[in-house]
Amino acid sequence: MSEKSRFIWGTAAATGVGSMPGGDAREAAKTVTGSLEAFPHLPELPARGPGADMLGRTIGLLAELYAHVEPSGWRLSDRPGRDTRRARSWMGEDLDALEEFTQGFEGPLKVQAVGPWTLATGLELRGGEAVLSDAGACRDLAASLAEGLRGHLAEVRRRVPGAEVVLQLDEPSLTPVLSGRVRSASGYRTYNAVDRVVVEGALREVFAAAGGAPVIVHSCAPEVPFALLRRAGATGISFDFSLLTERDEESIGEAVEGGTALFAGVVPGTDTALSDPALSVMGVRTLWRRLGLSPGSLATSVAVTPSCGLAGASPAYARSALAHCARAARSLADNPE
């Protein structure tokens with residue numbers, strides 16, 4: 001029997017990571033809200049091009065910081081240009097579609113943005129080096145992101161008044177930032193590792209922008225820093241379950257016992273034959289037993305997601321994968337052992 005959930009998404013939760021295939025905002029919103037009725041998310045459609053990509057969407061949210069696209073990627077600008085306007089326009093189109101398909105909706109609704117450290121690795125200073133290379137620029141970027149997210153979340157709440165907003169921050173570059181493995185613009189050297197206290201401080205500042213709403217940190221890269229994210233105050237941690245190693249298990253056990261939610265990416269993000277939903281979460285059940293955790297806490301502590309975004313999938317597979325996540329999550333509640 002499942003315990004009562006301490007999280008707003010309740011028991012047997014399933015949601016998407018963010019990206020969806022194609023470029024039709026209405027079709028993506030229809031798919032997400034139809035397949036994930038209890039915990040939908042704002043779809044991202046990177047196939048539309050620069051400004052719809054993960055970095056570009058978040059750059060369009062920044063307060064008083066602007067960027068444009070260079071051959072090497074996104075670079076800071078003095079004023080908003082065509083690329084920033086395009087990013088904001090697409091975000092508006094996505095919000096219009098979400099609003100249309102969430103009429104009368106009440107419950108958890110997830111929105112995604114790139115976190116401050118992955119943003120600092122992917123956004124260039126005017127000279128071409130990453131923002132990560134300049135500690136002052138990193139502080140300014142985190143502050144701008146926090147302020148931009150406050151406005152964005154307020155807009156989501158205005159459009160979907162019944163929503164209990166959940167903020168997901170995508171941080172796949174967090175471990176390279178901490179370990180000094182981010183390469184410079186030339187590729188011949190790496191930037192210095194950032195002190196963990198500094199990393200945690202920036203994360204806390206951005207988490208605070210959620211105004212008390214739950215904050216999930218997502219990474220589909222190896223070596224997710226579970227302990228650091230917990231200390232920074234993350235409500236939940238989202239990860240590719242297939243990348244876990246034995247070294248992660250102690251941190252996962254401590255996270256669960258400390259009240260942190262796990263968003264386990266167990267359904268492949270690209271087209272494949274999907275097994276029985278109960279088989280998709282067999283590894284999660286096995287891990288739970290190995291860690292000696294209470295079976296009753298499984299469906300309340302774990303939400304089920306695809307392993308990463310679905311941008312590389314076919315539209316038909318994306319629909320099937322999200323529905324499969326929902327059925328797999330239900331199987332955790334029905335049969336936790």
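Just so you know, these numbers use all the heavy atoms, side chains as well, and skip hydrogens, waters and symmetry mates. In this text the structure is predicted, and so the values were computed from the model without any measurement.
Judged purely by atom type and a 3.5 angstrom limit, S144 has no side-chain atom pairing as donor or acceptor with the backbone of L62. A donor-acceptor contact shorter than 3.5 Å links the side chain of T300 to the backbone of S297. Counting only distance, with no hydrogens or angles, the side chain of R204 and the backbone of R231 share a donor-acceptor pair below 3.5 Å. S320 places a side-chain N or O within donor-acceptor distance of the main-chain N or O of A316, the cut-off being under 3.5 Å. The backbone N or O of Y317 sits nowhere less than 3.5 Å from a side-chain atom of D271 that would complete a donor-acceptor pair.
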### Message
Using the rule given for side-chain contact (heavy atoms from CB on, under 4.5 Å), can you reason through R158 versus E155, listing the C-alpha separation, both sets of side-chain angles and the distance that settles it, and then say yes or no?
### Response
CA-CA 5 Å; R158 184 187 69 78; E155 175 69 2; 2.9 Å; yes

### Task
Check the pair S219 / E171 against side chain to side chain donor-acceptor pair (under 3.5 Å), numbers first and verdict last.
CA-CA 5 Å; S219 173; E171 281 284 19; over 6 Å; no

### Query
Given the rule in the salt bridge (charged side-chain N to carboxylate O under 4.0 Å, His left out) test, do D78 and R126 qualify, once you have shown the distances and angles that lead to the verdict?
CA-CA 9 Å; D78 294 324; R126 289 170 182 81; 3.0 Å; yes

### Query
Would R57 and D94 satisfy salt bridge (charged side-chain N to carboxylate O under 4.0 Å, His left out), going step by step from the backbone distance to the final call?
CA-CA 11 Å; R57 285 171 69 82; D94 294 341; 2.5 Å; yes

### Query
Would R290 and E250 satisfy salt bridge (charged side-chain N to carboxylate O under 4.0 Å, His left out), going step by step from the backbone distance to the final call?
CA-CA 11 Å; R290 197 157 60 237; E250 183 178 350; over 6 Å; no

#### Entry: Trace of the side-chain contact (heavy atoms from CB on, under 4.5 Å) decision for E257 with L293
CA-CA 8 Å; E257 291 178 340; L293 296 168; 3.8 Å; yes

#### Entry: E200/R196 under salt bridge (charged side-chain N to carboxylate O under 4.0 Å, His left out): CA gap, chis, key distance, verdict
CA-CA 6 Å; E200 285 182 39; R196 286 176 176 264; over 6 Å; no

### Task
Verify side-chain contact (heavy atoms from CB on, under 4.5 Å) between V17 and F263, making sure each step is shown before the conclusion.
CA-CA 9 Å; V17 170; F263 283 59; over 6 Å; no

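Relative ring orientation between W9 and F39 is described as parallel, the plane-to-plane angle staying below 30° on a 0-90° scale split at 30° and 60°.
Partner of F241 under the side-chain contact (heavy atoms from CB on, under 4.5 Å) criterion, out of V267, V281, T305, V266: V266 alone.
Between V114 and L169, every side-chain heavy-atom pair lies at or beyond the 4.5 Å cut-off. Under the 4.5 Å side-chain criterion, counting only non-hydrogen atoms from C-beta, R159 is not in contact with L98. Residues L119 and L55 have side chains in contact (heavy-atom distance under 4.5 Å, counting atoms from C-beta outward).
Atom CD of E70 has more than 12 neighbouring heavy atoms from other residues, nucleotides or ligands inside a 6.0 Å radius. Residue N192 qualifies as open at atom CG: its count of foreign heavy atoms under 6.0 Å is 12 or below. Around CZ of R247, the count of heavy atoms belonging to other residues, nucleotides or ligands within 6.0 Å does not exceed 12. Counting non-hydrogen atoms of neighbouring residues, nucleotides and ligands closer than 6.0 angstrom, the CD atom of E249 exceeds 12 such neighbours. Atom CZ of R139 has 12 or fewer neighbouring heavy atoms from other residues, nucleotides or ligands inside a 6.0 Å radius.
Across all non-hydrogen atoms, the minimal contact from M20 to L45 is O-CD2, 3.5 Å. Closest non-hydrogen pair, L243 versus D248, comes out as O-OD2, 4.2 Å. The heavy-atom pair separating S179 from R181 by the smallest distance is OG-NH1, 3.1 Å. Across all non-hydrogen atoms, the minimal contact from P306 to T15 is CD-O, 3.5 Å. Across A213 and R157, no two heavy atoms sit closer than the pair CB-NH2, 3.7 Å. A pairwise comparison of heavy atoms in A264 and V302 identifies CB-CG1, 4.0 Å as the closest pair.
Side-chain contact check for D83 and W74: no donor-acceptor pair (N or O, by modelled atom type) lies under 3.5 Å. Under the 3.5 Å distance criterion, with hydrogens and angles disregarded, no donor-acceptor pair is assigned to the side chains of Q168 and S238. Looking only at atom types and distance, the side chain of S294 has no donor-acceptor partner in the side chain of W288 under 3.5 Å away. Judged purely by distance below 3.5 Å, without hydrogens or angles, the side chains of H68 and T84 never pair a donor atom with an acceptor atom.
If you chain together hydrophobic residues whose side chains sit under 4.5 Å apart, V32 and I8 never meet in one group. In terms of hydrophobic clustering, with Ile, Leu, Val, Met, Phe, Trp and Tyr side chains grouped at heavy-atom distances under 4.5 Å, L149 and I216 are assigned to different clusters. A continuous path of Ile, Leu, Val, Met, Phe, Trp and Tyr side chains, each step under 4.5 Å between heavy atoms, connects L65 with L153, placing both in one hydrophobic cluster.
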